[in-house]
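Just so it is clear, the structure is predicted and the values come from calculations on it, not from any experiment.
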Amino acid sequence: MPNSPTHPLLRVLGRTPVRTFVLMPLAVAAFELAGRGGALAVEPWGIVLLAWGFGQYRLAGAYRTARGGGGPGIEVPPVRLVTSGIYRFTRNPMYLGHLIFIAGLGVTLRSWFALVLLAVTAVWFDARVRADEARMRERFGDAFEAYMKTTRRWV
């Protein structure tokens with residue numbers, strides 16, 4: 001990536017999964033602990049959303065990599081277009097998994113801060129998806145155009 005940090009730690013911390021599944025939970029917990037005098041409010045059913053989001057991210061990534069090749073991220077793009085499995089229902093199940101996880105973080109910790117992060121991240125992902133789609137159009141041409149007509153970007 002042209003503008004990626006050169007220090008290994010910065011490269012790791014800059015990865016989207018690290019931000020979503022490690023840094024955001026730590027930041028939200030710290031924010032809520034500070035705002036609640038050292039105590040967390042926990043809504044146990046929110047853990048279902050956390051597990052769903054993380055599981056969807058991991059399983060969709062493994063599915064795409066196994067069927068489409070490439071890497072789990074867009075940095076190493078697939079060599080084959082994947083339109084089956086969960087990719088029949090959404091073109092971006094991995095990104096959607098991130099958003100479900102962040103929503104789960106907001107519910108689990110009863111955190112408005114997490115919901116603000118969710119909104120900001122959703123806007124960021126939407127912009128990222130549009131750039132990804134341009135690259136996918138270049139790579140797969142008419143096949144990707146047809147896929148876009150039958151499968152929604154999100155849900």
K.L.:
What's the separation between atom OG1 in Thr151 and atom CZ in Phe89, rounded to the nearest 0.5 Å?
P.N.:
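These two atoms lie 9.5 Å from each other.
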K.L.:
Quick one: list whatever passes side chain to side chain contact (heavy atoms under 4.5 Å, CB included) with Arg58, sequence neighbours left out.
P.N.:
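With neighbours one apart ignored, the set is Phe54.
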K.L.:
Test of understanding: clusters of I, L, V, M, F, W, Y form through side-chain heavy atoms closer than 4.5 Å, transitively. Do Val48 and Val28 belong to the same one?
P.N.:
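No, Val48 and Val28 fall in different hydrophobic clusters.
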K.L.:
Would Arg130 count as a cation-pi partner of Trp124, with NZ or CZ less than 6.0 Å from the six-membered ring centre and within 45° of the ring normal?
P.N.:
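Negative - Arg130 is either too far from the ring of Trp124 or too far off its axis.
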K.L.:
Go through it in stages, so that I can follow the logic: the residues are Tyr57 and His98, the test is side-chain contact (heavy atoms from CB on, under 4.5 Å), and I'd like the CA-CA distance, side-chain angles, deciding distance and then a yes or no.
P.N.:
CA-CA 7 Å; Tyr57 160 75; His98 283 264; 3.5 Å; yes
K.L.:
Who passes ring pair (Phe, Tyr, Trp, His ring centres under 6.0 Å) against Phe31, sequence neighbours left out?
P.N.:
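Phe31 satisfies ring pair (Phe, Tyr, Trp, His ring centres under 6.0 Å) with Phe113 once adjacent residues are dropped.
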K.L.:
Kindly give the heavy-atom pair with the smallest separation between Ala66 and Arg80, and that separation in Å.
P.N.:
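Residues Ala66 and Arg80, closest heavy atoms: O-NH2, 4.2 Å.
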K.L.:
Ignoring hydrogens, what is the shortest heavy-atom contact between Ile47 and Thr108? Give both atom names and the distance.
P.N.:
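Nearest heavy atoms, Ile47 then Thr108: N-OG1, 3.3 Å.
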K.L.:
Let me check something: do Leu50 and Leu33 share a hydrophobic cluster, defined by ILVMFWY side-chain heavy atoms less than 4.5 Å apart, either directly or through other members?
P.N.:
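Linked within one cluster.
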K.L.:
Could you state whether Trp45 and Trp52 fall into the same hydrophobic cluster, counting links through intermediate Ile, Leu, Val, Met, Phe, Trp or Tyr residues with side-chain heavy atoms under 4.5 angstrom apart?
P.N.:
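Same hydrophobic cluster.
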K.L.:
State whether a side-chain donor-acceptor pair under 3.5 Å links Glu32 with Ser111.
P.N.:
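Note: Glu32 and Ser111 side chains meet the donor-acceptor criterion.
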K.L.:
Report the distance from atom CZ of Phe125 to atom CG of Leu118, rounding to the nearest 0.5 Å.
P.N.:
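Taking CZ in Phe125 and CG in Leu118, the distance rounds to 10.5 Å.
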K.L.:
Would you mind reporting whether Leu40 and Arg110 have side-chain heavy atoms less than 4.5 Å apart?
P.N.:
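No, too far: nothing below the 4.5 Å cut-off.
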K.L.:
Which pair of heavy atoms, one from Met94 and one from Ala60, lies closest together, and at what distance?
P.N.:
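The answer is CG-CB, 3.7 Å.
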K.L.:
Tell me, please, which residues at least two apart from Arg137 pass salt bridge (charged side-chain N to carboxylate O under 4.0 Å, His left out).
P.N.:
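Applying salt bridge (charged side-chain N to carboxylate O under 4.0 Å, His left out) to Arg137 gives Glu145.
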K.L.:
Spell out, as yes or no, whether a donor-acceptor pair under 3.5 Å connects the side chain of Thr90 to the backbone of Val155.
P.N.:
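No, Thr90 side chain to Val155 backbone: no donor-acceptor pair under 3.5 Å.
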K.L.:
Answer with yes or no whether the side chains of Ser84 and Tyr63 bring together a donor and an acceptor at under 3.5 Å.
P.N.:
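Their side chains do contain a donor-acceptor pair, which is all the 3.5 Å distance test asks for.
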K.L.:
Decide whether Tyr147 and Arg91 meet the rule of one side-chain donor and one side-chain acceptor closer than 3.5 Å.
P.N.:
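Side-chain D/A pair, Tyr147 to Arg91: absent.
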K.L.:
I would like to know whether Arg128 and Thr16 meet side chain to side chain donor-acceptor pair (under 3.5 Å); could you show each step before the answer?
P.N.:
CA-CA 11 Å; Arg128 183 173 175 172; Thr16 305; 2.7 Å; yes
K.L.:
If you measure from CD1 on Ile102 to CG on Leu117, what distance do you get to the nearest 0.5 Å?
P.N.:
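Output value for this atom pair is 7.0 Å.
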K.L.:
If you group Ile, Leu, Val, Met, Phe, Trp and Tyr by side-chain heavy-atom gaps below 4.5 Å, do Leu49 and Trp154 land in one group?
P.N.:
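Yes; Trp154 is reachable from Leu49 via cluster members.
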K.L.:
Ignoring hydrogens, what is the shortest heavy-atom contact between Leu109 and Arg36? Give both atom names and the distance.
P.N.:
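Taking Leu109 first and Arg36 second, the nearest heavy atoms are O-NH1, 3.1 Å.
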K.L.:
What closest approach, in Å, do Pro78 and Phe140 show between heavy atoms, and which atom pair accounts for it?
P.N.:
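Nearest heavy atoms, Pro78 then Phe140: O-CZ, 3.6 Å.
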K.L.:
Please check if any side-chain donor atom of Asp126 sits under 3.5 Å from a side-chain acceptor atom of Tyr95, or the reverse.
P.N.:
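Tyr95 and Asp126 do not have a side-chain donor-acceptor pair below 3.5 Å.
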K.L.:
Do Met136 and Leu81 pass the side-chain contact (heavy atoms from CB on, under 4.5 Å) test, and can you show the C-alpha distance, the side-chain angles, and the key distance before you say yes or no?
P.N.:
CA-CA 9 Å; Met136 295 294 280; Leu81 183 60; 3.9 Å; yes
K.L.:
I'd like to know if the side chain of Asn92 reaches the main chain of Arg153, judged simply by a donor and an acceptor atom lying under 3.5 Å from each other, with no hydrogens or angles considered.
P.N.:
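A pair under 3.5 Å: yes.
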K.L.:
Where do Pro93 and Gln56 come nearest, in terms of heavy atoms and distance?
P.N.:
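Heavy-atom minimum between the residues: O-NE2, 2.9 Å.
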K.L.:
Given Thr121 and Arg19, is the side-chain contact (heavy atoms from CB on, under 4.5 Å) satisfied, shown in steps?
P.N.:
CA-CA 10 Å; Thr121 303; Arg19 285 195 309 264; over 6 Å; no
K.L.:
Do Leu115 and Val120 belong together in a cluster built from hydrophobic side chains that touch within less than 4.5 Å?
P.N.:
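Hydrophobic grouping puts Leu115 apart from Val120.
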